Student: 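The structure's right below; bear with me while I get my questions together.
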Amino acid sequence: MKQILILLIVFFVVFSCDNNQNHHSEGGISSKNNSKKQESFGIVIHGGAGTILKKNMTDSLETAYLEKLEEAIKIGHTILSKGGTSLKAVTATINIMEDSPLFNAGKGAVFTHEETNELDASIMDGATLNAGAVSGVKHIKNPIDLALSVMNDSPHVMLSGEGAEEFAREQGFKMTDPSYFYTEKRMQSLQKIKEIELRRHYKSLSFEDPFIKDSKFGTVGCVALDKNGNLAAGTSTGGMTNKRWNRIGDAPIIGAGTYANNATCAVSSTGWGEFFIRAMVAHDISAMMEYKGISLQEAATIVIQEKVPDLGGDGGIVAIDKDGNIAMEFNTAGMYRAHMNAQGALVVKIYKNE
Ligand code: ASP
């Protein structure tokens with residue numbers, strides 16, 4: 001009897017140790033889950049969608065775009081791989097593209113009809129659904145940083161024009177002379193469009209008209225999932241060439257140009273802003289995932305290949321979901337784009353069917 005009792009005690013001790021171990025390995029599993037989560041971090045960027053054709057591209061320009069996209073995404077990826085937040089990765093990555101004259105954001109922004117540069121940007125935190133945006137700023141070198149400051153340091157979501165710049169000054173932002181944004185290429189595009197405009201009334205121009213199609217190139221955007229499972233999205237642009245009347249596109253509009261929600265995905269848009277506003281592109285992709293239970297890719301395809309073109313618009317998005325799945329969907333000839341996963345695998349592309 002005593003022996004049986006001893007055996008039973010031994011059995012219980014062994015069992016409970018094993019159980020503890022299991023618990024540990026469940027901890028292991030849950031930390032494995034965390035590390036699985038960690039393994040699924042990722043980042044996706046775009047540098048604008050449009051009539052981007054290989055036949056119109058020189059080798060050196062193509063290389064310049066590919067190298068800049070790679071440089072930008074690697075900055076964000078390094079932040080994420082070191083455990084930095086998706087918000088940090090998004091802003092730092094966008095800063096690189098804002099500082100490059102290749103893109104229609106920051107330096108290299110397109111010109112308004114009045115030959116000024118009016119910059120728009122927005123950012124969203126998928127963990128809190130906090131967001132910040134600025135539109136029509138003229139003296140801010142990196143508008144995405146100001147959008148972040150609006151989110152973090154003001155009680156508002158969106159500030160515009162002089163008020164946004166007054167806020168920027170109060171926050172210690174340096175005012176940049178507008179001449180910084182000047183690039184010969186963008187000025188020439190404006191003059192070309194103005195010449196066409198002299199001959200034809202703006203309203204008579206159709207969607208297929210190169211005047212419209214080519215007047216908006218190179219908005220930049222970034223979406224990221226960090227090691228803590230937090231999503232963020234950001235977008236920065238100079239808008240459309242020859243824009244007037246303080247026109248504002250989709251880029252600074254939360255839900256149209258930018259959206260992030262940890263429950264679904266993070267999206268940054270680029271394209272013909274008027275249509276992206278009407279289709280509420282970024283939020284619609286998230287909403288379809290949430291309400292219909294469809295995948296990120298399915299939702300992105302429906303919005304970009306059906307809903308936006310049905311309205312008459314064109315453009316694309318980059319997106320990443322809470323599990324690290326990505327989408328880079330566009331209905332134009334090309335979209336400057338790149339993505340990197342947790343393993344550091346890098347993909348950089350420009351044209352369709354690459
Ligand atoms: N969506 C931007 C706008 O309409 C332009 C672009 O992405 O190319 O302002």
Side-chain angles (χ1 to χ4, degrees), residues 44-52 65 69 94 97-98 100 102-106 108-113 116-123 133-138 143-144 147 158 160-161 181 185-186 189-190 193 202 205 207 210-223 233-259 267-285 303-304 307-309 311-319 328-337 350:
V44 196
I45 62 173
H46 69 75
T51 319
I52 308 165
Y65 273 112
L69 289 167
I94 289 181
M97 294 190 281
E98 285 177 331
S100 164
L102 290 172
F103 303 102
N104 172 17
V110 298
F111 284 97
T112 66
H113 188 75
T116 60
N117 307 99
E118 292 178 1
L119 312 173
D120 303 330
S122 65
I123 193 157
V134 291
S135 73
V137 293
K138 295 178 174 172
I144 196 72
M158 191 172 187
S160 72
F181 301 105
K185 190 178 112 193
R186 300 296 188 196
S189 304
L190 176 69
I193 286 175
Y202 190 89
L205 296 161
F207 161 57
F211 166 84
I212 288 289
K213 277 199 144 182
D214 299 336
S215 64
K216 43 173 181 56
F217 262 138
T219 290
V220 305
C222 178
V223 294
T235 312
S236 183
T237 190
M240 288 176 87
T241 306
N242 199 34
K243 64 185 183 182
R244 292 185 201 181
W245 310 302
N246 300 121
R247 177 264 187 193
I248 299 167
D250 59 315
I253 296 183
I254 297 301
T258 299
Y259 193 74
V267 183
S268 170
S269 310
T270 176
W272 197 346
E274 279 66 14
F275 294 91
F276 278 62
I277 294 172
R278 290 166 56 199
M280 271 287 127
V281 165
H283 182 262
D284 197 24
I285 291 171
V303 173
I304 295 301
K307 293 188 175 188
V308 170
L311 288 177
D314 67 348
I317 57 97
V318 294
M328 303 192 293
E329 197 63 35
F330 54 101
N331 56 33
T332 49
M335 180 167 80
Y336 301 107
R337 61 200 188 278
I350 299 178

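Because the structure is a prediction, the values reported are computed rather than measured. Atoms within each ligand, like the ligands themselves, are counted from 1 in listed order.
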Student: For ligand 1, which is the ligand I care about here, please tell me if Thr219 has any N or O atom under 3.5 Å from one of the ligand's N or O atoms.
Tutor: yes

Student: May I ask you to decide if Arg186's main-chain N or O and Thr241's side chain share a donor-acceptor pair within less than 3.5 Å?
Tutor: no

Student: As an exercise, identify every atom of ligand 1 less than 4.0 angstrom from a heavy atom of Gly239.
Tutor: 9 (O)

Student: Between Arg247 and ligand 1, find which residue part has any heavy-atom pair under 4.0 Å and reply side chain, backbone, both or neither.
Tutor: side chain

Student: Near Thr270, which atoms of ligand 1 are under 4.0 Å from a heavy atom of that residue?
Tutor: 6 (C), 7 (O), 8 (O)

Student: Flag Asp250 as yes when one of its N or O atoms lies below 3.5 Å from any N or O atom of ligand 1, and as no otherwise.
Tutor: yes

Student: With respect to Gly271, determine whether any N or O atom, backbone or side chain, lies less than 3.5 Å from an N or O atom of ligand 1.
Tutor: yes

Student: I want to check something: taking the side chain as every heavy atom from C-beta on, are Ile285 and Ile317 in contact at a cut-off of under 4.5 Å?
Tutor: yes

Student: Does the side chain of Ser160 come under 3.5 Å of the side chain of Ser135 through a donor N or O and an acceptor N or O?
Tutor: no

Student: With respect to Gly218, determine whether any N or O atom, backbone or side chain, lies less than 3.5 Å from an N or O atom of ligand 1.
Tutor: no

Student: Is it true that a side-chain atom of Asn242 and a backbone atom of Thr112 form a donor plus acceptor pair closer than 3.5 Å?
Tutor: no

Student: Can you list the residues that meet the side-chain hydrogen bond (donor to acceptor under 3.5 Å, both in side chains) rule with Glu118, with sequence neighbours excluded?
Tutor: Asn246

Student: Less than 4.5 Å apart, side chain to side chain, heavy atoms only: is that true for Val308 and Val303?
Tutor: yes

